[in-house]
Asker: 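Would you mind keeping the following structure in view while I ask a few things?
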There are 2 protein chains.
Amino acid sequence: MAAERSGAGDPRRTLDLLWRAGSGGGPRRPARGRRPRISVDRIVVAAVTVADRDGIGAMSMERVAEALGAGTMSLYTHVPGKAELIDLMVDAVLAERDLPGAGQARPDGWRARIELYAARTGDLHRRHPWLHQVSLVRPPLGPGLLAQEEYLIAALTDSGLPPDDVAAAAGAVAAAVDAAASSAAAADRAEHETGQSDASWWAARSSFWERDFDDERYPAIAALWRAGGLGRDAREVATRAGTFGLARLLDGIEARATAAGAGGVRGG
Amino acid sequence: MAAERSGAGDPRRTLDLLWRAGSGGGPRRPARGRRPRISVDRIVVAAVTVADRDGIGAMSMERVAEALGAGTMSLYTHVPGKAELIDLMVDAVLAERDLPGAGQARPDGWRARIELYAARTGDLHRRHPWLHQVSLVRPPLGPGLLAQEEYLIAALTDSGLPPDDVAAAAGAVAAAVDAAASSAAAADRAEHETGQSDASWWAARSSFWERDFDDERYPAIAALWRAGGLGRDAREVATRAGTFGLARLLDGIEARATAAGAGGVRGG
DNA sequence: TGGAATTACCGTATGGCATACGGGAATGTA
DNA sequence: TACATTCCCGTATGCCATACGGTAATTCCA
């Protein structure tokens with residue numbers, strides 16, 4: 001799969017679009033000129049709808065325009081191009097998690113807060129399985145992403161980690177949660193887009209075990225297989241790996257934070 | 001970015017291509033007919049070269065054929081389609097890590113073995129920065145992927161984890177290492193493909209901090225920023241998060257394995 | 001030696017895509 | 001009513017994957 005490029009185009013224009021609902025009270029219509037029939041918000045909603053239903057690969061400018069009953073080129077009046085539209089889609093859905101911000105009610109304990117984050121992110125990927133296909137290097141610096149960063153950094157600051165480790169920990173937690181959520185979602189997406197269940201995908205490859213796999217070349221896999229330690233259903237495998245991985249990562253962070261607390265607060 | 005679909009097409013045909021160099025002593029030319037000018041291997045090498053240089057987005061059948069001095073449609077004699085070619089590319093580069101298999105010399109200790117895996121995977125993504133853009137749900141079941149699974153499962157089996165946890169742990173470690181390696185590589189790729197350094201990307205967005213960012217809405221980010229805990233260079237941030245995350249994950253696994261060992265081996 | 005069979009190469013055509021360009025329509029103000 | 005402003009969108013360009021079918025090279029066999 002070729003990935004979408006994110007964070008391209010004129011930066012200021014994109015930032016204005018990302019924060020359009022923010023400071024200033026929304027986009028106000030100019031005093032003169034023809035009345036717009038479509039808007040950035042409607043375009044983003046339509047694009048997300050198309051991507052949810054048919055995958056990000058089917059989200060073409062033509063399809064989005066069609067969904068809005070507009071001409072393809074009309075979109076370009078409101079949005080610089082497809083790359084920027086994807087940035088807007090990503091930030092919009094990230095914001096859907098509605099993570100409690102500063103001053104709002106949050107779960108007690110930093111670990112519970114991270115687990116809320118993981119649960120919301122899992123739901124998010126279930127609703128928008130195309131999300132993991134968009135690369136987030138140079139991410140859209142919009143409210144959705146910032147809410148995520150604020151939430152994670154706040155929780156991990158409270159964990160007692162030394163400040164130098166907080167950013168790295170936030171990155172690691174975000175990566176772990178994302179990997180878990182998106183691989184589970186990807187299993188669903190693969191079933192939905194190809195119309196082939198995971199079981200039948202494996203069944204079509206049963207010859208692999210007979211003809212290509214070699215017990216002597218891969219003894220550890222073979223042993224685990226015989227011990228029944230290898231799952232079959234892709235979603236379940238992904239979910240188990242994600243849950244296990246996040247739990248162990250948080251264990252490790254907790255141990256580190258405890259050690260830092262004991263060593264850092266002298267005579268504590 | 002729209003992602004490539006992997007694992008599509010006729011399964012048996014794809015498996016045969018993936019294992020072409022394996023049992024049977026390579027693809028033998030049929031007794032009759034015109035002599036082939038290109039081969040699957042040459043196509044895969046050319047495709048990887050193109051993707052390495054110009055990104056997976058530039059890897060079109062036309063470009064690959066051109067690199068081989070052949071007509072575009074000639075590729076389809078050897079490869080069913082682009083999706084399958086990408087599977088072959090992925091498995092080929094995964095195999096480049098040349099992880100020591102059963103019977104070969106390996107580092108002492110399961111943790112050192114995982115760290116070798118992480119290092120090799122980091123190099124791999126540095127050489128082939130397009131790799132993280134290919135989704136690996138329903139992955140190509142070729143020698144490259146199997147070598148990875150064998151290596152991880154063997155190492156984690158030796159860690160002392162209960163068998164039920166080994167597969168999940170292998171998945172979690174693979175995900176963590178992949179996330180670390182690919183986000184670091186993606187930072188490079190972004191610089192290379194857009195011709196814009198990370199510093200200048202941020203500089204172009206300096207207005208973000210002045211106009212869009214709000215200290216009161218994001219107090220934890222602001223505090224960490226003032227404490228100097230937020231890095232600037234994308235590659236360094238990604239590397240730190242990856243290193244930290246993997247270390248903590250392995251800490252957590254180790255603790256779990258120790259506990260299981262103590263509890264599991266009665267009267268040990 | 002000359003088909004016939006087999007295999008590989010590839011030109012052309014189709015339909016989809018993003019998007020540059022520029023004309024035309026609708027709306028406001030003077 | 002004239003004009004500026006803003007928006008809508010048809011057309012054209014160039015890239016893409018790939019289906020189809022013709023053609024070239026090679027070997028086998030009569």
Side-chain angles (χ1 to χ4, degrees), chain A residues 1-6 8-10 13-14 17 27-43 46-47 50-51 54-89 134, chain B residues 1-6 8-10 13-14 17 27-43 46-47 50-51 54-89 133:
Chain A
M1 328 199 177
E4 308 297 335
R5 154 85 29 244
S6 172
D10 174 39
R13 172 91 194 274
T14 305
L17 286 169
R28 53 202 164 297
R29 207 170 68 76
R32 291 230 283 283
R34 185 173 176 167
R35 202 160 293 146
R37 303 184 4 40
I38 59 183
S39 65
V40 176
D41 292 270
R42 290 188 60 209
I43 291 172
V50 170
D54 300 325
I56 193 87
M59 197 283 288
S60 67
M61 300 302 266
E62 201 173 1
R63 290 282 311 271
V64 172
E66 193 184 53
L68 290 167
T72 306
M73 292 311 294
S74 302
L75 303 186
Y76 290 89
T77 303
H78 304 271
V79 156
K82 193 185 181 184
E84 290 80 1
L85 174 54
I86 291 174
D87 275 359
L88 296 174
M89 293 168 67
V134 181
Chain B
M1 327 201 180
E4 308 296 334
R5 153 85 30 245
S6 172
D10 173 38
R13 173 89 194 274
T14 304
L17 286 169
R28 54 201 163 296
R29 204 170 70 75
R32 291 230 283 283
R34 185 174 177 167
R35 203 160 291 146
R37 301 183 10 33
I38 58 182
S39 66
V40 176
D41 292 87
R42 290 188 60 207
I43 292 172
V50 169
D54 300 325
I56 192 88
M59 197 283 288
S60 67
M61 299 303 264
E62 201 173 358
R63 290 281 312 272
V64 173
E66 193 184 52
L68 289 168
T72 306
M73 292 312 292
S74 302
L75 303 186
Y76 289 90
T77 303
H78 303 271
V79 156
K82 193 185 182 183
E84 290 82 0
L85 175 54
I86 291 174
D87 275 0
L88 295 174
M89 293 168 66
Q133 298 176 44

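Predicted, not measured: the structure shown is a model, and the values here were computed from it. The chains referred to below are lettered A, B, ... by the order of the sequence lines, with proteins before strands, and numbering in each begins at 1.
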Asker: First locate atom CG of A:Leu68, then atom CG of A:Leu75, and finally report the distance between them rounded to the nearest 0.5 Å.
Answerer: 6.5 Å

Asker: Which heavy-atom pair separates A:Met89 from A:Ala51 by the least distance, and what is that distance?
Answerer: CE-CB, 3.8 Å

Asker: Give the rounded distance in Å between these two atoms: CZ of A:Arg35 and P of D:dT5.
Answerer: 19 Å

Asker: Over all heavy atoms of both residues, which pair between A:Leu17 and A:His78 is shortest? Give the atoms and the distance, please.
Answerer: CD2-O, 4.0 Å

Asker: Does any N or O in the side chain of B:Arg42 come within less than 3.5 Å of the main-chain N or O of B:Arg37, such that one atom is a donor and the other an acceptor?
Answerer: yes

Asker: Look at the side chain of A:Ala70 and decide which nucleotide, out of D:dC20, D:dC16, D:dC9, has an atom nearest to it.
Answerer: D:dC9

Asker: Could you give the CG-to-P distance, from A:Leu68 to D:dC8, as a whole number of Å?
Answerer: 11 Å

Asker: With a non-hydrogen cut-off below 4.0 angstrom, is B:Ser60 in contact with a base, only sugar-phosphate, or nothing?
Answerer: sugar-phosphate

Asker: Give me the bend of the helix from C:dT1-D:dA30 to C:dA30-D:dT1, using the axes of the five pairs at each end, rounded to 10°.
Answerer: 30°

Asker: For B:Met61, which contact category applies under a 4.0 Å heavy-atom criterion: base, sugar-phosphate, or nothing?
Answerer: sugar-phosphate

Asker: Between B:Val50 and B:Met59, what is the shortest heavy-atom contact and its length?
Answerer: CG1-CA, 3.9 Å

Asker: Send over the distance from A:Ile43 CD1 to D:dC8 P, rounded to a whole Å.
Answerer: 8 Å

Asker: Would you kindly compare B:Gly71 and B:Arg32 by the position of their nearest DNA chain C nucleotide and give the one closer to the 5′ end?
Answerer: B:Arg32

Asker: In whole Å, I'd like the distance from the NZ atom of A:Lys82 to the P atom of D:dC15.
Answerer: 18 Å

Asker: Check the distance between D:dC16's P and B:Met59's CE and give it to me in whole angstrom.
Answerer: 11 Å

Asker: So which atom in B:Met61 and which in B:Gly81 form the shortest heavy-atom distance, rounded to 0.1 Å?
Answerer: CE-C, 4.3 Å

Asker: Which heavy-atom pair separates B:Thr72 from B:Ala65 by the least distance, and what is that distance?
Answerer: CA-CB, 3.6 Å

Asker: Over how many whole Å does the gap from B:His78 atom NE2 to D:dT18 atom P extend?
Answerer: 16 Å

Asker: What heavy-atom pair brings A:Ala46 and A:Val64 nearest, and what distance separates the two atoms?
Answerer: CB-CG1, 4.1 Å

Asker: Walking along DNA chain C from 5' to 3', note the first and the last nucleotide with an atom under 4.0 Å from a heavy atom of chain A, and give both.
Answerer: C:dC17 to C:dT29

Asker: In whole Å, what is the span from the OH atom of B:Tyr76 to the P atom of D:dG21?
Answerer: 17 Å

Asker: Within this structure, what is the CE-to-P distance between B:Met73 and D:dG22, rounded to whole angstrom?
Answerer: 15 Å

Asker: If the test is side chain to side chain contact (heavy atoms under 4.5 Å, CB included), which one of A:Ile38, A:Thr77, A:Leu88 qualifies with A:Ile43?
Answerer: A:Ile38

Asker: Quiz question: going by heavy-atom distance under 3.5 Å, is there a donor-acceptor pair between the base of D:dA24 and the side chain of B:Arg34?
Answerer: yes

Asker: Nearest-nucleotide wise, let me know which of A:Pro36 and B:Pro80 is further upstream toward the 5' end of DNA chain D.
Answerer: A:Pro36

Asker: Of B:Gly33 and B:Thr77, whose nearest nucleotide on DNA chain C comes first from the 5' end?
Answerer: B:Gly33

